[in-house]
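Sharing a structure here in structure tokens format.
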Amino acid sequence: MATSRRKPEKKSDLSLFELVERRVENVDYIFLPHAKARLSERDILEPAVLDILEGRHGRKRKRNKRKDAYKDGNKDWNYCIEGVSPDNEKIRIILSFDEKMMLIITVMWVGKE
């Protein structure tokens with residue numbers, strides 16, 4: 001008989017941002033192949049994404065809870081964090097976590113702030 005995995009608890013804004021900052025600081029993150037392809041296609045630079053995730057000054061980091069999603073069988077939720085590039089273009093980042101790494105799933109432009 002298969003064991004069913006329980007849906008993990010959704011992280012609060014504070015715990016999510018603390019975990020994201022810790023994973024970036026410790027270089028415990030990976031841009032998954034889909035995210036790497038989207039960065040290239042959309043001409044988004046990895047440092048701009050990391051600046052948003054770290055909450056650097058001027059990057060206007062915020063969480064978009066309406067875009068958070070859970071898929072059955074995943075270890076954690078997919079979280080949506082948004083911010084702006086140095087050119088004030090809005091960027092959306094979808095990420096998740098496993099035991100050791102922050103998984104950056106996709107990155108996209110959303111529009112002018």
Subject >> Single-linkage hydrophobic cluster I93~L45, side-chain heavy atoms < 4.5 angstrom >> reply: no
**OP:** Sorted by first residue and then second, give each salt bridge (Lys or Arg N to Asp or Glu O under 4.0 Å) pair with at least one member in residues 98-107; sequence neighbours left out.
**Re:** K75-E99
Original post:
What distance do D13 atom CG and I81 atom CD1 have between them, rounded to the nearest 0.5 Å?
Top reply: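 Reported value, rounded in 0.5 Å steps: 9.0 Å.
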**OP:** Measure the CD-NZ distance between E82 and K62 for me, rounded to the nearest 0.5 Å.
**Re:**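 E82 atom CD to K62 atom NZ measures 5.0 Å (nearest 0.5 Å).
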Subject >> Residue pairs, two or more places apart or on separate chains, that pass salt bridge (Lys or Arg N to Asp or Glu O under 4.0 Å) and touch residues 50-59 >> reply: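 Of all non-adjacent pairs touching residues 50-59, those that pass salt bridge (Lys or Arg N to Asp or Glu O under 4.0 Å) are D51-R56, E54-R56.
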**OP:** Quick one: pull up CG in N64 and CD1 in I94 and give me the separation to the nearest 0.5 Å.
**Re:** 8.0 Å
Subject >> Distance (rounded to the nearest 0.5 Å) between F97 CZ and L103 CG >> reply: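 Answer rounded to 0.5 Å: 8.5 Å.
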Original post:
salt bridge (Lys or Arg N to Asp or Glu O under 4.0 Å): which pairs involve residues 35-48, sequence neighbours left out?
Top reply: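 Salt bridge (Lys or Arg N to Asp or Glu O under 4.0 Å) check on residues 35-48 returns K36-E46, R38-E41.
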**OP:** Could you pull out all residues at least two apart from D68 that satisfy salt bridge (Lys or Arg N to Asp or Glu O under 4.0 Å)?
**Re:** K10, R63
Subject >> Shared hydrophobic cluster for L14 and I52 (ILVMFWY, side-chain gaps under 4.5 Å) >> reply: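 Different hydrophobic clusters.
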**OP:** Quick one: sort the F31 and Y29 rings into parallel, tilted or perpendicular, breaks at 30° and 60°.
**Re:**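 F31 vs Y29 ring planes: perpendicular.
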Original post:
Between W109 and V49, is there a shared hydrophobic cluster once you connect ILVMFWY residues whose side-chain heavy atoms come closer than 4.5 Å?
Top reply: yes
Show me the donor-acceptor pairs within less than 3.5 Å that the side chains of residues 16-25 make with the rest of the protein, sequence neighbours left out.
| unit_1 | atom_1 | unit_2 | atom_2 | d |
| --- | --- | --- | --- | --- |
| E21 | OE2 | R61 | NH1 | 3.0 |
| E21 | OE2 | R61 | NH2 | 2.8 |
| R23 | NH1 | M101 | O | 2.9 |

**OP:** Kindly indicate whether the side chain of K60, heavy atoms from C-beta on, has any atom under 4.5 Å from the side chain of N88.
**Re:**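 Side chain of K60 against side chain of N88, heavy atoms only: contact under 4.5 Å found.
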**OP:** With sequence neighbours left out, write down each residue that passes side chain to side chain contact (heavy atoms under 4.5 Å, CB included) with S96, or none if nothing qualifies.
**Re:** D76, N78, I105
Subject >> Full working for side chain to side chain contact (heavy atoms under 4.5 Å, CB included) between W77 and K7 >> reply: CA-CA 9 Å; W77 285 75; K7 189 176 189 178; 3.5 Å; yes
